Amino acid sequence: MIRLEKVTKFYGRGEGETRVLKGIDLEIKSGEFVAIMGPSGSGKSTLLNILGALDVPSGGNYYFSDTDIRALTKEQLALFRRYILGFVFQGFNLLKKTSALENVEMPLIYLGMKAKARKQQAIEALTSVGLEDRIAYEPGQLSGGQQQRVAIARAMVTHPKVLIADEPTGNLDTKRGHEIMQLIKNFNAEGITVIMVTHEKDIAAYASRTIYLRDGMIEKESNHAV
C-alpha cells in the first residue's frame, strides 16, 4: 500500500542545513499496524508528517497504492488527506465550545454530506468509541480519555483507509492510554492500516511491527507476535 524509496528531508541550506531524514526505505502493507519509535531528534515525527502528506520529502519517492504522492498538486494532496487518511494527535485538537457531535461532524462537512446523514454518521462514530451518552458534551466537560475518544471518532467518521496517530496516549494516564490503544487495535482488526509514533514500549506492543529510527535512518525493525 505505502512505499518510501530513499526519502530524505533537509531544512535550511549550506552550513545551516539540517538533515532530518537520510534515506528512508519503507513498505507498509494494507491492514498493517506499524509503530515508529526513536529518541528525540531521530526524525520520527517528520517521517509521520510525510506519510500523512502534511510535509513533503526533500528527495526520494513516496507511493500510495502506486500513486506518486510527490506528483500531486496541493489540491490533490488535500483530497488525499480528506478521503484516505484519518489523524489522531496527542493534543486532541478538538474545537472548544463545540459539542462532541459537532466536532465529529466537522470532516463530513468538508465532504459536503447533508446534515441528516452527517449527524447519523457522527453518532455512529461516537457510539463505536463508547460515547453515545456524551454527544452533547463539550471538550471541557470530558476527561482526557473521553476527549481522545472523540478525536478518534472524528478521525474514523470518514472511514479512512489509514489512521495516522502521533503519540495518541501521550496526554493520558496508563489505564486510559491502554483503553485508547484497544480502540485503535479494534479499528485495525477491521482492516484499517495504522501508523503510529510513540515513545512507550508497552504502547508500541499493540502494533504488529515496530520501526526504530536513529539519526534520521531506520536502525532496525521488529515484528510482534499477534
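Values reported hereafter were calculated over all heavy atoms of this structure, with side chains retained and with hydrogens, waters and symmetry mates removed. It should be emphasised that the depicted structure is a prediction, and the values quoted were computed from it without experimental measurement.
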Asks: Could you state whether Ile184 and Met37 fall into the same hydrophobic cluster, counting links through intermediate Ile, Leu, Val, Met, Phe, Trp or Tyr residues with side-chain heavy atoms under 4.5 angstrom apart?
Replies: no
Asks: Are any of the side-chain heavy atoms of Val162 and Leu51 separated by less than 4.5 Å?
Replies: no
Asks: Are any non-hydrogen side-chain atoms of Leu26 and Val34 less than 4.5 angstrom apart?
Replies: no
Asks: Would you say the side chain of Glu102 lies within less than 4.5 Å of the side chain of Met106, judging by non-hydrogen atoms?
Replies: no
Asks: Using a 4.5 Å cut-off on heavy atoms from C-beta on, say whether the side chain of Leu54 contacts that of Arg81.
Replies: yes
Asks: Is there side-chain contact between Arg70 and Val56, with heavy atoms separated by less than 4.5 Å?
Replies: no
Asks: Using a distance-only test with no angle check, is there a side-chain donor-acceptor pair under 3.5 angstrom linking Gln182 and Asn186?
Replies: yes
Asks: Under a 4.0 Å threshold between the charged nitrogen and the carboxylate oxygen, would Arg19 count as salt-bridged to Glu17?
Replies: yes
Asks: Calculate, to the nearest 0.5 Å, the distance between atoms OG1 and CZ belonging to Thr174 and Arg176 respectively.
Replies: 11.0 Å
Asks: Side chains of Glu138 and Thr98: closer than 4.5 Å at any heavy-atom pair?
Replies: no
Asks: Among Leu47, Ile24, Leu21, which residue meets the side-chain contact (heavy atoms from CB on, under 4.5 Å) test with Lys9?
Replies: Leu21
Asks: Out of Lys6, Arg3, Met217, which residue meets the side-chain contact (heavy atoms from CB on, under 4.5 Å) rule with Asp25?
Replies: Lys6
Asks: Just wondering, are more than 12 heavy atoms of other shown residues or ligands nearer than 6.0 Å to CG in Asp66?
Replies: no
Asks: With side chains defined as the heavy atoms from C-beta onward, is the minimum distance between Ser30 and Thr193 less than 4.5 Å?
Replies: yes
Asks: Kindly assign one of parallel, tilted or perpendicular to the pair Phe80 and Phe64, based on the angle between their ring planes and the thresholds 30° and 60°.
Replies: perpendicular
Asks: Got Leu111 and Tyr83 here, is their nearest side-chain heavy-atom distance under 4.5 Å?
Replies: yes
Asks: Taking everything shown except Tyr11 itself, do over 12 heavy atoms lie less than 6.0 Å from its OH?
Replies: yes
Asks: Is there a side chain to side chain contact (heavy atoms under 4.5 Å, CB included) between Met1 and Ile28 once you walk through the steps?
Replies: CA-CA 6 Å; Met1 174 183 265; Ile28 298 174; over 6 Å; no
Asks: Check this for me: Arg209, atom CZ, are more than 12 non-hydrogen atoms of other residues, nucleotides or ligands nearer than 6.0 Å?
Replies: yes
Asks: Could you go through Glu32 and Val194, starting from their C-alpha distance and side-chain angles, then the distance that decides it, and tell me whether this counts as side chain to side chain contact (heavy atoms under 4.5 Å, CB included)?
Replies: CA-CA 6 Å; Glu32 265 201 287; Val194 179; over 6 Å; no
Asks: State the CD-OG distance between Glu167 and Ser45, to the nearest 0.5 angstrom.
Replies: 7.0 Å
